[in-house]
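This report concerns only the one structure given below.
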Amino acid sequence: MSRLDPARYPHLFAPLRLGAHTLRNRIAHASMTTRLSVNRRVSEPLLHYYANRARGGAAMIVTEPVSAARFQQAPHKVRVWDAESESGLARWAETVEREDCRLLAQIQDPGRGRHERGRNPDAVGASALPDDLSWTVPHVLSLGDIERMVADFADSSRRLQRCGFSGVELSAAHGHLFHQFLSPWMNVRADRYGGDLAGRCRLLVELMAAIRGACGPEFLLGLKLPGDDGIAASVDAAEAARIAGHLGASGQIDYLCFAQGAHAASLDRHLPDLHGPRAPYVTLTQGLQDAVPGVPLMALGLITDPAEADGIVARGAAALIGLGRPLVTDPAWGLKSSQGREADIRYCVSCNSCWAAITEHRALACDNNPRVGRADEVDWWPAPAPRRKRIVVVGTGIAGLEAAWIAAARGHDVIAFGAGREPGGKTRLLTALPGGEALSSIYDYQALAGKKAGLRLELGVRASPDEIRALAPDGLIVACGATMAWPRSFPQAWREDGGVPDLRACMAELIGFTERQSGAAVLFDMDATEGTYASAEYLRRLFDRVVIVTPRDRIAEDVPLVNRLGIVRRCARAGIEVMTLAGIDADSPLEDGVLHVRNVYSGTLAEIADVVLLTYATPRAPDLAAIEAFASLAAEFHVVGDAYAPGSTMAATAQGHRIGNLI
Ligand SMILES: Cc1cc2nc3c(=O)[nH]c(=O)nc-3n(C[C@H](O)[C@H](O)[C@H](O)COP(=O)(O)O)c2cc1C
């Protein structure tokens, strides 16, 4: 069992009495779908994932949602409602509980809510009303359906208890089924499960009573409720207080937490990012305490810093600190915090790639943790290489730096050349744009780990093939990135003029510039990733008008839906104009500040007047000739990151990680 020293953060590491249990500290893993189960059963990666979070310092873990009623057939959820699941469930509980960590299974159903495209024919719901995002209209649960569902959930809770789980959390937030019953906007039932507050809360009241009846008073029962779902006439903070008060009066709840947003335009409130403040919901949660005196509250949402977490507990704003994404990024967040090793934490960068992974039916993964779910994930440090080699790395972006620090930590003699004066490559530029600040944690961690491992960084140097040959490396890793490709539809003359910079070059010039510019900035968008829209927001602070011109039928296509909604909202609020299905007309040059834009289907022309800046964001392309010039300089040769194939941040860190371990 790991030693967690309470001295540094005495409030965060103070024990907490929760129902019949005493938690060793205040750190709780918030429920997150992992897609690590196999064939609806507990798998080895799933056990590793949870054991690691327990070993890394969490005092309580709420699992991903399980299938606890017989109608729940989702292939990625662990099935609890049949007896065959018991051996797997027992292993799950044993692996976590032996680390002095209480394991609670989450019970919920998405109801009509759906993140994927298309409707869901299997959805059940409170009322025949459509989901705002997918327009799924669910099968309305009949009184008989509700009775069976409640009985199943109670039976499954009893099974979980028999298998060693300490409790369950009912998730009635995020726009899911129970939330759909609570909300006056989503529930228009005319029977006893609808209507007034008591009617809308009845399902949960009965469910809690059934679980208590089946499992007794010692079984922990937590509840996740909507704090403010961001939908008019639904659950705002005042309604949340009424709901919490009504449910709390049952005396059955061991702790409460609140989540924001729903399956609607407010979806992005689930996963707050750095376009808003840190820990944005603590005040809202604290304000709800009066409605439920004596019930411990869990603060949740973008709490990443241990000092901040300690402060929340110290000032009585919450008794527990719920961590979702921060524990995906670093399972040893608690352990490292308690040991005063905050700089060793790989921090969540709130990019929501984890959420994109699971909603795209992939296993949970992270931009800043390439080892999610591996057995050795906690406080991982590379094992020594069998033979010390001389390794040269060209490029100190996040792919090169990841490979470099790991190779150095394995005992190799590593020198990394970076063209920039500081490490981080293009990620560093993103950190200066709106919402990007936390991305620095990726290269800050890598640089610090590299320093500890004896990595030599040569910055501000573009090492030539001859210079590298002179070093006689055994291994060479090329991570020199890629540049935005010239849009082939643009007039060639513009390229020769050099007056149309790519978006990266443009932002590198403009960051730090504050003087407002009259006229329009036009951003030709064939990239559809986060940085493009963060740049548009930045440009809007400077220019009277910003117009995004894209040949696609919508913007931000390649970012997780949960981020896309925020992007679309911010662009709308900032008055950033968007022209879709549009290309820059190559036959009509930019004259007197007028740019001609042609609809890609109809050919219809439109004009944008007063254009003072034209820039483009396009898929990147590596400089193949430059890479080839390095190919014969070492017996072992690897190309990683955008230099290999332009890809995501996650692909860059994952590739660097793999090659650093391989070389
Ligand atoms: C990848 C991912 C999956 C999630 N899945 C669930 C879920 O199945 N049930 C649930 O109640 N919350 C789920 N959440 C929401 C988290 O429990 C938590 O409310 C949210 O991540 C905010 O906390 P954080 O800022 O610490 O990440 C998920 C979050 C993430 C990032």
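Ligands are counted one by one from 1 in listed order, and the atoms in each one are counted from 1 as well. Computed from a prediction, not measured in an experiment: that's the story for all the values here.
The shortest side-chain heavy-atom distance between S171 and F178 does not fall under the 4.5 Å cut-off.
The aromatic rings of H263 and H176 sit tilted, their planes meeting at an angle between 30° and 60°.
Contact detail for A54 and R24: the closest heavy-atom pair is O-NH2, 2.8 Å.
Geometric assessment of R371 against the ring of W380 yields a positive cation-pi assignment under the 6.0 Å and 45° thresholds.
Partners of H246 according to the ring pair (Phe, Tyr, Trp, His ring centres under 6.0 Å) rule, which considers only residues two or more places apart in sequence or in another chain, do not exist here.
Ordered by chain and residue number, the residues placing a heavy atom less than 4.0 Å from ligand 1 are A30, S31, M32, T33, P65, Q106, S171, H174, K224, H270, L271, L300, G301, L302, L323, G324, R325, P326, C354, W355, I358, L364.
Using modelled atom types and a 3.5 Å distance limit, the side chains of D229 and H174 yield no donor-acceptor pair.
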